[in-house]
2 protein chains.
Amino acid sequence: MNIGTASRQSRLPVKTIRYYEEIGLVRPLRGDNGYREFSQADLERLKFLQRSRSLGFSIEECRDLLSLYEDTNRASADVKAITCQKIQEVDRKIAELKSLKRVLLEMVEACHGDDRPDCPIMDDLSGRERTHGGKQH
Amino acid sequence: MNIGTASRQSRLPVKTIRYYEEIGLVRPLRGDNGYREFSQADLERLKFLQRSRSLGFSIEECRDLLSLYEDTNRASADVKAITCQKIQEVDRKIAELKSLKRVLLEMVEACHGDDRPDCPIMDDLSGRERTHGGKQH
DNA sequence: TCTTGACCTTCCAGTGACTGGAGACCCTAA
DNA sequence: TTAGGGTCTCCAGTCACTGGAAGGTCAAGA
């Protein structure tokens, strides 16, 4: 199948597929006209990449996962380890974003938000101390 | 003050400060030796940038915030609006990561994680259907 | 005075993971 | 024959830095 078909079936943009070929994640054959020819196995790889990328694995992690995927002697423990690591990463990111949100919320709650130029958010951003007189959480 | 001092006081890497000058976020004077000379106002800008970047505002948002920061006639409502938008963005990201985590956790829970090559995580990544026979949440 | 080492300069290239566009070739149907 | 898509390569841009090379400057110590 051509790249367009592969793109629709894998839900990866054409450009992305070409890029994946460039970095060696997939190696379709070429027809006489120079067009890429994707086999069913190529399509499987693309689908695998689509799914693992959308689950937050980096390209290099995907490369590792792919080689495990194609290693029929792999231990499932190896895959599980990578996945557990990823979960911890995701947890870390969530925590970061939550504390970020807390700060932003505090700023917004302290701001009267009208036409006056004085603004506690600005004070916060500029590093000035703000008295925590208002609501406490 | 020189760039090194500005770097320590703003907690921004030297390289980053030079980059910020390149894109016009800060315009330090130059001494006879060609060294950048940061005024107290420049330092304030840098600190402002450090804080707002670390709160997840993009460079362009920082540029907007900076001009509001220096506009003594600004309305605090404008600042509040930008910040509220940012909170929504953060919320969206948190939700995404949470659903990501849910999927990853399901995968891990289904995986026996031993020396055997069969691995439900791999099945999942490759798009194969997995029977939801195990624990339900 | 000389040297050492820290600090500063510019410029260029690389990161990750694509994305956009130009210009050209190929294929199919009307 | 023509029109329209699809495909090709190559180059450049994105975002926000980061690293490194090659060289100029400065202050302290021998």
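Residue numbers start from 1 in every chain, and the chains themselves are labelled A, B, ... in the order their sequence lines are given, proteins ahead of strands.
Contacts between chain A and DNA chain C, taken as any atom within less than 4.0 angstrom of a protein heavy atom, begin and end at C:dA17 to C:dC27.
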query = Which parts of nucleotides 22-29 of chain D does protein reach within less than 4.0 Å, heavy atoms only, written one letter per nucleotide 5' to 3' as B for base, S for sugar-phosphate only and - for none?
reply = --BBS---

note = Its contact letters, B for base, S for sugar-phosphate only and - for none at protein heavy atoms under 4.0 Å, make nucleotides 10-20 of chain D read B-----BBSBB

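Across A:K101 and B:D91, no two heavy atoms sit closer than the pair NZ-OD1, 2.8 Å. Of all the heavy atoms in A:L12 and A:L46, the pair that sits closest is CD1-O, 3.5 Å. Taking every heavy atom of both residues into account, B:C111 and B:C119 meet most closely at SG-SG, 3.9 Å.
Between A:E37 and A:R30 there is no salt bridge, since no side-chain N of the basic residue sits under 4.0 Å from a carboxylate O of the acidic one.
Residue B:I17 is tested with B:L25, B:D42, B:L49, B:I3 for a side-chain contact (heavy atoms from CB on, under 4.5 Å); the sole match is B:I3.
Side chain of B:H112 to backbone of B:D118: a donor-acceptor contact under 3.5 angstrom is found. When atom types are taken as modelled, the side chain of A:R74 and the backbone of A:L68 share a donor-acceptor pair closer than 3.5 angstrom.
B:F57 is listed as a side-chain neighbour of A:L104, based on a closest heavy-atom distance under 4.5 Å. Proximity of A:L125 to A:M107: side-chain heavy atoms (C-beta onward) are separated by under 4.5 Å at one or more points.
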key: Worked check of side chain to side chain donor-acceptor pair (under 3.5 Å) between A:N2 and A:T5   = CA-CA 6 Å; A:N2 283 346; A:T5 313; 6.0 Å; no

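Note on A:R36: every side-chain N or O is 4.0 Å or more away from OP1 and OP2 of D:dT7.
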